Asks: 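I have a structure here, written as structure tokens, and I will follow up with some questions on it.
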Amino acid sequence: MTPLQRDLTEIMRDEMIMRDEITKLLTSEPHTVPEIAEALKVPTTEALLWLTAMRRYGLVEEVGRADANGYFKYTLVKEEN
Amino acid sequence: MLPTDISQELDYDICIVGAGIAGMESALNLGDMGYRVLLVEKEASIGGKMILLSKVFPTLDCASCISTPKMASAAHHPNVTIMVYSEIDEIERKENGTFGVQMHQKPTYVDPNACIGCGQCETACTVAIPDEFNFNLDARRVAHIPFPQAVPKKAILQRNGQSPCNHTCPAGVKPHGYTSLVRAGLHDAAFELHLETTPLIGSLSRACYAPCEKECTRGEFEGSVQIRAIKRFIADRYYELNSEPNYGPVKERKDKRIAIVGAGPAGLNAAFQLARKGYDVTIFEAEEKAGGTMQYGIPDVRLPKDVLERDIKNVTALGVSIRTNTKVESLEKLKQDGFDAVFLGLGCSRTRSKREESADGTTSVKTKAPGRVRSPNTTPFADEIKLAANGVIEINKTLQTSLPYVFAGGDAVTGPLTITAAIGQGNQAAYFIEQFLQGHPLNAADLKELECTDKLAVIAREARLSTRKPTKLLKRENVSKEEGRKAAKLPLTEEEARYSANRCLDCGNCSECHQCVSVCPSNAIDFSMQPIHHQIKVGSVIIATGFELFDAHRKPTFGFGKYPNVVTAMQMDRLLSPTRPFNSVLRPSDGKEPDNIAFVLCVGSRDSQVDHRLCSRVCCMYTAKQAQLIMGSLPLADVTIYYIDIRAFGKGYDEFYEQAKGMGVDFVHGKVADITESSEDEGNLVVRFENLTEGKIEKREHDLVVLSVGLLPNTSAQGMFRGTSIEADNFRYIKEMDEDMEPGVTSIDGVFVAGAANAARDIPDTILHSGAAAVQAAAYIENLKGLVC
Ligand SMILES: Cc1cc2nc3c(=O)[nH]c(=O)nc-3n(C[C@H](O)[C@H](O)[C@H](O)COP(=O)(O)OP(=O)(O)OC[C@H]3O[C@@H](n4cnc5c(N)ncnc54)[C@H](O)[C@@H]3O)c2cc1C
Ligand code: SF4
Ligand code: SF4
């Protein structure tokens, strides 16, 4: 079910809530976008948008290269002391 | 009087509108020739489309490596003045051949001289919106620096009017601000933001009549954002964790004393604001306890008195002393006692009856029933200040009474008010008292806020909004009838509060949460900024407003906006650029690196269905460029280009096309009919096309499709001229009167056109054309020089 169900503006507003959920998830181990989407029961498109914003503002980063299916794993950026 | 050369009268020799590569190039040429140039750009950075590209054909040079030095030279050129975030209102050609330009700089709400471009405001900002410079592929913040290479590299706040809730609150509270903070989980910051406006947070969370909720745009959908319930969550949570305020009197003291008469909402607020400024404040209260209406007018069950007491601690923690049981009878006496200014927040005398609470349980203290009319407590001062016939105090627009050092607000001025409005007056009085004590002129216009957001535009923007019902406020068990309906409501849990806050539509974009203010290391955020209007005299004008991109939504059968994996070429250029939104070229549906990518050429070009018959001249080549770049970054990917015919007309362009073929790009001579989603592979797309070589309909599957959208004329300059309009050609581009012999010359003598404002052009052609326009403008100025005023 990929067709965009909601407008970008609405999806992006949700980032402020969803980033806490994603942070909780990534605390245990790095995840790909489809893994995050499945765990949080949200569309992959939306998970990517939130994750991308978290990456842009320094909260997450990718780990290594894409896997055989083309997906990167993302992890939390370690806070500097 | 000796005649003067016209050019001596001018502020600038040439005004250039639009600072893309065309405008910058013309400006640099003219600047180098010694002309004074004003370069006006509507965006917050110069650079136009070129700075957003990945690389440029046919050289495959990095676009920003070429653009950035040009941008820097334009910004630092001694003869070039740049005005960004600015718009032309009108240009008038004078009889003597010069031009009067009316324009304005839009407020950025960030002092450009103070901003150091660190981006901390952006990281802290709590409102996420689509990033137009990444063509909506990712989210940015309301506070933002346009893009990493922006010139000037300064932050701006995108304020789209003031959100209706913020605009409505008579107390000046920023509901949108604390709502967006709660949504982000910043509950302490939400309390602190509220505290900026009033110390009476707990009381308001129970007793405010919430006009913000009545104005809330979400109310036009399934119900308003429950702003007051969110406020109650903020106050209750904070008071639970902090039984005492965590601050004391401010360290920097001011040597002035202020008397506040009346410890109702207006008086408490005025005292709080002035004490925060370092003044020595004393409140005199005739009753036994502070709080006024809140103490004596609202039953405990609705406004528990321990909540009110905790609110009042927010005031006394600042060192404000409250002398209860003390009736002030003479203003002169206060002066003699050493007070430099007085605020009268007297309130009205009232009958303390149970029935004082209104039937719906709200807190408007307006009394409607006969026999309950309250009268202002102003009698003692009748000899000292002017009162109106009904006994209320007469004040001017700055709340000043007939005695200059005495200010007044609340019920004693207006007649019975709401607590919320009284708080607003307390705040205003504090502002004007401070101005008075500092010897500044009192000006009511100082407190003017931004105009309200256009609610209809917000409703239109949210047309596809999903349904999110307001939270059902749970009821407390065993509530007696007398306690009333409202008293029975339980507060929101944290989860409910965040869910409720997330129903907010961010109407005016900026929520006024003030996170940017808190983190900015150079105090650059300035919410009081206004547009700056200029009237400028120039000798000549160059229009370099560039092109618009074809809106791919206009070809609905291609699925743009419906299928996330259908993107435009401009988005692909962003995906390929070093400052790209993702960590690699990823498809937007799920973050996968695509391995089978298709391009569809001529989308919105050579197409009479969308009323654009022109060839856009750059799409074949930028597509061949993007195909090569994709093969460079995703070596295993298959790339297909669907084309009607390839136009590779420039020097080295045909070779560039052959190079793409040689790298393995599959050029398919086909006209695409539609794009749908694959039923088998999630996110994959099926392209149905007419194979023009074999004359049959075929289908192919890809995991990302790029629409090579065309260039359209930007018509914004065409209405700029007073009394005349600049002529456009049959395709709505600005017309050159003799394109063979006189490049850049338009229908208005002295106005020239440069770059893609005149026709679809690639960068080398744009640069040439801009040079020609610059020379034409220079020649025009030289002719003017011969003329005298
Ligand atoms: C996807 C894509 C890829 C491309 N790749 C290449 C490539 O690889 N090589 C190549 O040679 N060309 C390429 N081009 C073409 C290139 O983008 C143009 O040649 C170039 O941008 C034209 O420059 P310009 O300054 O005329 O217009 P623009 O870049 O459009 O700049 C116009 C400027 O004017 C401003 N403006 C507009 N209206 C107003 C107003 N009313 N008031 C004030 N300011 C205003 C705009 O904000 C903008 O900053 C590509 C185009 C596209 C769409
Ligand atoms: S006030 Fe808040 S919402 Fe507005 S720009 Fe600043 S941080 Fe962003
Ligand atoms: S939707 Fe949000 S910003 Fe708009 S009026 Fe309601 S609370 Fe305020």
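Everything numeric in this text was worked out from a predicted model, so none of it was measured. Order of the sequence lines sets the chain letters (A, B, ...), proteins ahead of strands, with each chain counted from 1.
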Asks: Using the side chain to side chain donor-acceptor pair (under 3.5 Å) criterion, which residues pair with B:Glu494? Sequence neighbours excluded.
Replies: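 Partners of B:Glu494 by the side chain to side chain donor-acceptor pair (under 3.5 Å) criterion, ordered by chain and then number, come out as B:His187.
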Asks: Grab the two heavy atoms, one from B:Val519 and one from B:Gln120, that are nearest each other, plus how far apart they are.
Replies: CG2-O, 3.5 Å
Asks: List the steps, then state whether salt bridge (charged side-chain N to carboxylate O under 4.0 Å, His left out) holds for A:Asp14 with B:Arg468.
Replies: CA-CA 12 Å; A:Asp14 285 353; B:Arg468 282 181 177 167; 2.9 Å; yes
Asks: Are B:Arg140 and B:Glu132 within salt-bridge range, i.e. N to O under 4.0 Å?
Replies: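 Yes, B:Arg140 and B:Glu132 are salt-bridged.
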Asks: So which of A:Glu15, A:Arg56, A:Glu62 has the biggest tally of heavy-atom pairs under 4.5 Å with chain B?
Replies: A:Arg56
Asks: Heavy-atom cut-off 4.5 Å, strictly under: side chain, backbone, both or neither for B:Ile129 against chain A?
Replies: backbone
Asks: Is it the backbone or the side chain of B:Ser180 that comes under 4.5 Å from a heavy atom of chain A, or both, or neither?
Replies: neither
Asks: Just by distance, no angles: are the side chains of B:Ser577 and B:Arg574 close enough, under 3.5 Å, to form a donor-acceptor pair?
Replies: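 Yes - a donor-acceptor pair under 3.5 Å links their side chains.
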Asks: Specify the closest pair of heavy atoms between B:Cys165 and B:Ile227, including all atoms of both residues, with the distance to one decimal.
Replies: CB-CD1, 4.0 Å
Asks: Any idea which of B:Asn502, B:Thr126, B:Asn583 has the most non-hydrogen atom pairs under 4.5 angstrom with chain A?
Replies: B:Asn583
Asks: Pick one of side chain, backbone, both or neither for B:Arg503, based on which atoms fall under 4.5 Å of a heavy atom in chain A.
Replies: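 Neither part.
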Asks: Please classify the contact between B:Asp703 and chain A as side chain, backbone, both or neither, with a heavy-atom cut-off of under 4.5 Å.
Replies: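 Neither part; nothing is under 4.5 Å.
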Asks: Using non-hydrogen atoms and a 4.5 Å limit, figure out which bit of B:Asp595 sits close to chain A: side chain, backbone, both or neither.
Replies: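 Contact with chain A is absent: no heavy atom of B:Asp595 under 4.5 Å.
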Asks: Specify the closest pair of heavy atoms between A:Ile17 and B:Arg183, including all atoms of both residues, with the distance to one decimal.
Replies: CG1-O, 3.8 Å
Asks: Please determine, among A:Leu48, A:Val33, A:Leu59, the option with the most heavy-atom pairs under 4.5 Å with chain B.
Replies: A:Leu48
Asks: Sort by residue number and list every residue of residues 505-514 of chain B having at least one heavy atom under 4.5 Å from chain A.
Replies: B:Leu505, B:Asp506
Asks: Looking at B:Asp131, B:Val127, B:Leu186, which makes the most heavy-atom pairs under 4.5 Å with chain A?
Replies: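 Heavy-atom pair counts peak at B:Asp131.
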Asks: What part of A:Asp20 gets closer than 4.5 Å to chain B, counting heavy atoms only: side chain, backbone, both or neither?
Replies: side chain
Asks: Please determine whether a side-chain nitrogen of the Lys or Arg among A:Glu10 and A:Arg13 lies less than 4.0 Å from a carboxylate oxygen of the Asp or Glu.
Replies: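 Answer for the salt bridge query: no.
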Asks: Between B:Ser466, B:Ala184, B:Ala463, who has the most heavy-atom pairs with chain A when the cutoff is under 4.5 Å?
Replies: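 Most heavy-atom pairs within the cutoff with chain A belong to B:Ser466.
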Asks: How about B:Ser584 and B:Glu593: does a side-chain donor come under 3.5 Å of a side-chain acceptor?
Replies: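 Present: a donor and an acceptor within the cut-off.
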Asks: Which atom names give the shortest non-hydrogen contact between B:Asn160 and B:Thr453, and what distance separates them?
Replies: O-OG1, 3.0 Å
Asks: Show the nearest heavy-atom pair for residues A:Leu26 and A:Tyr74, with the distance to one decimal.
Replies: CD2-O, 3.6 Å
